[in-house]
Structures are given as C-alpha cells and as structure tokens.
Colleague: 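I have a structure here, written as structure tokens, and I will follow up with some questions on it.
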Protein chains: 2
Amino acid sequence: MSTPERLIESTRELLWERGYVGTSPRAIQQRAGAGQGSMYHHFKGKPELALAAIRRSAEERQALAEERFSGPGTAVQRVADYLRRERDVLRGCPIGRLTQDPDVVADQTLRQPVADTFEHLTGRLTAVLTEGQALGQLDPELDPADTAATVVAVLQGGYVLARAADSVEPFRRATEGAIALLAARELRPRR
Amino acid sequence: MSTPERLIESTRELLWERGYVGTSPRAIQQRAGAGQGSMYHHFKGKPELALAAIRRSAEERQALAEERFSGPGTAVQRVADYLRRERDVLRGCPIGRLTQDPDVVADQTLRQPVADTFEHLTGRLTAVLTEGQALGQLDPELDPADTAATVVAVLQGGYVLARAADSVEPFRRATEGAIALLAARELRPRR
DNA sequence: GTCTATACTACGATAGAC
DNA sequence: GTCTATCGTAGTATAGAC
C-alpha cells in the first residue's frame with residue numbers, strides 16, 4: 001500500500017477508536033509507519049487527512065448497508081437482515097461516533113459525509129418500507145420516513161447501550177424489540 | 001458555590017461538550033474560576049474530578065427520567081411522554097456521550113455510573129410496560145425488556161442522527177416512529 | 001486553601017537537508 | 001518523497017511559598 005493510502009487507513013482506524021480530538025498526527029504516523037515530513041508532504045494537516053478518512057468510511061458504510069437493502073425477502077425481512085447483520089458492536093459505529101466530536105460537528109466540511117450517510121441510510125430504508133406497503137406486505141398506516149428514522153436510531157442507540165454495558169446484549173434486545181414491533185405491522189398475504 | 005462544587009460543575013459541562021479526552025484540567029480551572037493549585041488541592045487529578053462529575057450527571061439523569069415514568073396515563077402515554085420530554089437535542093445526551101470516550105469505557109470506575117444509568121432506565125421502562133400488560137392496556141405478546149431497550153436506543157440514536165444532521169428533525173421522526181409502533185400494540189379497553 | 005514556579009511530555013506544524 | 005531539526009503552545013502534574 002502506498003504511503004498516502006496507509007496514512008488514510010491509519011486515520012480511519014484511529015478516528016474510529018479515539019475520535020477526532022483523541023487522534024494525533026504523531027499516532028497516525030506511527031501506525032502508518034510514516035515519518036513526520038512524509039505525512040505533511042501528502043496532506044496539509046490533520047483536518048485534510050481526517051476529511052479523506054471520514055469520506056472513505058462514509059462511502060464504505062453506505063455500500064455495506066446497500067448489500068442488505070437490495071437482498072431478497074419482504075420489507076420486514078430486509079430491515080431485520082440489516083439490523084441483524086454481523087457487526088463489531090462493541091467497537092461502535094465509525095460514522096455515528098463522529099457525531100460526538102465537537103470539532104467534527106462544528107466543521108461543515110467534516111460533518112457533511114456523516115450527514116450524507118445517515119440521510120442515505122434513512123432514505124433507502126424509507127424506500128424499502130414504502131415498497132413493502134405497495135406490495136401489500138405492510139400496514140399502509142405506517143409512516144415510512146418516521147419508521148426508517150426509528151430503525152436507524154435503534155441501531156445507533158444500540159451501539160451506545162452496548163458500549164455502556166460492555167456487552168452486546170442490550171444491542172441485541174434493542175434490535176430484536178424493534179424487529180418485533182415492525183413484524184406486528186406485517187399484513188397477511190391475501191390470496 | 002464552593003470551589004470544589006464549581007470545579008465539578010465545570011467538569012460536567014466540559015465532559016458534555018467535549019468529552020473526556022477533550023477536557024483539560026486547564027479548561028476546567030478557567031471555567032470554574034479556580035487556580036491550578038486550588039484544583040489539585042481538592043482533587044487528585046482529572047480522573048477523580050471526572051468521576052465526581054459523571055456520578056452527578058448519572059444521578060441527575062435517572063431522577064429526570066423518573067419524573068416521567070411515575071407520571072399519569074397509560075403505559076404507552078408514559079413512554080411517549082418520556083420520549084417527547086423537552087430536551088436540548090443538539091447538545092446530545094451527557095451520559096450517552098461518554099460511551100464514545102475510550103478512556104471512560106476502558107476504566108471500570110468511570111464506566112460504572114454510565115452503565116448504571118442505562119440499566120436503571122431500561123429497568124424502569126420494562127416495569128412500565130409490564131404494568132401496562134397487567135392492566136390489559138398492552139398486547140401481552142410484547143416482550144417488555146426488549147421493547148424497553150428499543151425505546152432507550154431510539155432516544156440515544158435520535159441524538160446521534162440529530163447531531164449528524166444538525167437538526168432536531170431526525171430525532172423527532174425517530175421518536176414519533178417508535179411511539180406509533182408502540183401505540184399499535186395498545187389494546188382497546190373492554191368494557 | 002490558594003498562588004506561583006517549575007517540569008516534562010505531547011500536540012500540531014514548518015524548514016530545510018538529503 | 002522522506003528525514004531530522006526546530007518551534008511555540010497546551011496537557012497534566014508536582015513543589016513550595018503564602
């Protein structure tokens with residue numbers, strides 16, 4: 001891997017683990033096996049490097065979600081698949097994490113990819129739910145956009161609860177609870 | 001207010017705004033209007049001060065939640081009241097925020113009050129839902145513990161979405177979506 | 001109790017040699 | 001492109017005077 005590439009990847013890992021304030025240029029260089037001068041040759045500084053890292057993580061996250069949304073099954077099944085996807089729950093969400101970083105949230109440029117990711121996620125979920133209603137799988141009374149936001153929030157909140165408890169159990173409960181609530185709104189296929 | 005008191009309050013504010021890594025003894029002293037020597041006279045250092053601050057915020061949070069849970073109304077109404085409580089959404093949750101701080105999560109002593117808060121919250125919500133079932137207000141098929149975790153997660157995730165979007169709108173959608181899902185499980189009173 | 005002085009490390013970056 | 005030197009500021013604390 002090239003040096004800029006290694007720097008970006010190291011930054012991604014560190015942002016995930018320690019956030020923006022907790023990530024120093026020094027730490028990035030060490031993890032990337034690059035020197036001081038090397039880093040500042042390829043990037044203007046910490047903010048520029050962080051932006052590259054955040055953008056990449058955001059794209060990755062959106063692609064990962066897409067895999068599940070475009071899978072087989074009814075609307076509820078696809079949402080359930082998304083919520084049950086294998087996740088490294090205790091590590092938390094590399095994107096959601098950044099919302100707790102005042103320096104990221106305060107900087108329009110750094111916040112944008114984070115905002116985009118959640119908008120994209122919510123939008124795709126809304127589409128899945130709307131489609132489910134159109135196919136007669138799902139109660140038409142359900143508000144797709146609100147419900148989509150609920151699903152994404154359960155996921156993000158599940159990470160929070162899991163890290164607080166140092167256990168995946170609350171995450172599992174939260175997601176299964178949401179799936180059950182959603183499943184209750186499924187319609188029987190009329191034949 | 002006494003000096004130790006002012007130091008704790010300043011630490012609470014800073015932990016909320018900037019997290020553990022982002023909060024320096026210097027900043028605490030300045031906000032509290034206390035000198036270097038003064039702070040180290042009353043507290044051994046940053047971790048001890050943080051512990052006092054986190055404990056206080058955790059207690060405050062639990063008390064605030066209790067107000068809603070012990071209010072009037074059906075189970076669903078009380079949960080809805082809790083979710084709709086006035087909140088400074090864009091500031092985020094002072095407790096949930098700490099789960100993104102690796103130094104807090106890694107330290108058993110600092111993490112404990114955070115874990116306690118969410119356990120207490122989930123436990124009380126579980127009780128409210130169980131009571132609702134016992135009173136015939138709520139579908140007995142609903143799993144109270146899972147659903148309680150879902151509700152707390154929606155709240156925490158709602159903060160994340162709101163901060164990402166720099167808008168309270170996703171928070172509102174997520175909570176209203178959850179309330180609607182829950183309301184659909186209410187039973188009509190038989191008379 | 002509070003203040004000032006002092007200490008050492010890390011942060012975040014620039015300069016200039018190679 | 002990468003390295004080393006250097007820089008000024010902040011982090012986190014201790015020591016000792018008042």
Side-chain angles (χ1 to χ4, degrees), chain A residues 1-56 97-98 100-111, chain B residues 1-56 97-98 100-111:
Chain A
M1 227 188 327
S2 69
T3 298
E5 202 59 26
R6 288 204 316 280
L7 286 164
I8 292 176
E9 287 303 313
S10 301
T11 306
R12 288 199 331 133
E13 292 172 19
L14 284 164
L15 284 180
W16 192 356
E17 292 166 21
R18 310 202 38 84
Y20 187 82
V21 249
T23 296
S24 68
R26 265 182 140 287
I28 294 169
Q29 294 152 25
Q30 280 170 1
R31 191 171 292 214
Q36 190 90 332
S38 190
M39 182 191 123
Y40 282 101
H41 172 74
H42 294 289
F43 299 91
K44 269 205 287 288
K46 179 173 160 175
E48 188 174 302
L49 198 36
L51 181 58
I54 291 174
R55 283 198 173 136
R56 181 170 299 182
R97 204 238 169 280
L98 300 170
Q100 301 305 327
D101 245 302
D103 294 351
V104 170
V105 171
D107 183 328
Q108 166 66 21
T109 316
L110 291 178
R111 190 177 57 77
Chain B
M1 228 190 321
S2 69
T3 298
E5 202 58 27
R6 287 204 317 280
L7 285 164
I8 293 177
E9 286 304 312
S10 301
T11 308
R12 280 187 352 122
E13 291 172 19
L14 284 163
L15 284 180
W16 192 354
E17 292 166 19
R18 312 203 34 86
Y20 187 83
V21 251
T23 296
S24 68
R26 270 181 132 274
I28 294 170
Q29 293 151 25
Q30 280 170 0
R31 190 171 293 215
Q36 191 91 332
S38 190
M39 182 192 122
Y40 282 102
H41 171 75
H42 294 290
F43 298 92
K44 270 205 287 285
K46 178 173 161 176
E48 188 174 301
L49 200 36
L51 181 58
I54 292 174
R55 284 198 172 136
R56 181 170 300 182
R97 204 239 167 280
L98 301 170
Q100 303 304 330
D101 244 304
D103 293 350
V104 170
V105 170
D107 183 328
Q108 165 67 19
T109 316
L110 291 178
R111 189 177 56 78

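Below, all heavy atoms of this structure are taken into account, side chains as well, without hydrogens, waters or symmetry copies. Throughout, protein chains are lettered first and strands after them, A, B, ... in sequence-line order, and every chain is numbered starting at 1. From a predicted model like this one, the values you see are computed outputs, not experimental measurements.
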Colleague: Identify the heavy atoms of B:Leu15 and B:Ala53 that sit nearest to each other, and give their distance.
Modeller: CD1-CB, 4.0 Å
Colleague: Within residues 6-25 of chain B, which residues have any heavy atom lying less than 4.0 Å from an atom of DNA chain D?
Modeller: B:Thr23, B:Ser24, B:Pro25
Colleague: A:Ile28 has an atom CD1; how far is it from atom P of C:dC11, in whole Å?
Modeller: 10 Å
Colleague: So, B:Gln108 versus B:Arg111: side-chain donor-acceptor pair below 3.5 Å or not?
Modeller: yes
Colleague: Tell me, please, the opening and closing nucleotides of DNA chain D, 5' to 3', among those with an atom under 4.0 angstrom from a non-hydrogen atom of chain A.
Modeller: D:dG1 to D:dT4
Colleague: State, yes or no, whether a side-chain contact exists between A:Asp101 and A:Arg97 at a heavy-atom distance under 4.5 Å.
Modeller: yes
Colleague: Using a 4.5 Å cut-off on heavy atoms from C-beta on, say whether the side chain of B:Pro47 contacts that of B:Tyr20.
Modeller: yes
Colleague: Could you tell me whether A:Asp103 and B:Arg18 make a salt bridge, using a distance below 4.0 angstrom between a side-chain N and a carboxylate O?
Modeller: yes
Colleague: C:dT14 C1' sits how many Å from A:Met39 CE, rounded?
Modeller: 12 Å
Colleague: Between A:Arg6 and A:Glu9, is the closest basic N to carboxylate O distance under 4.0 Å?
Modeller: no
Colleague: Select base, sugar-phosphate, or nothing to describe what A:Gly35 touches, counting heavy atoms under 4.0 Å on all strands.
Modeller: sugar-phosphate
Colleague: Can you check the A:Lys46 NZ to C:dA10 P distance for me, whole Å?
Modeller: 16 Å
Colleague: Is there side-chain contact between B:Leu7 and B:Thr3, with at least one heavy-atom pair below 4.5 Å?
Modeller: yes
Colleague: Specify the separation, in whole Å, of atom CD of A:Gln36 and atom P of C:dC11.
Modeller: 11 Å
Colleague: The test is salt bridge (Lys or Arg N to Asp or Glu O under 4.0 Å); show your working for A:Arg31 and A:Glu17 and say whether it passes.
Modeller: CA-CA 13 Å; A:Arg31 191 171 292 214; A:Glu17 292 166 21; 3.1 Å; yes
Colleague: Would you mind reading off the distance between B:Arg26 atom CZ and C:dC11 atom C1', rounded to a whole angstrom?
Modeller: 14 Å
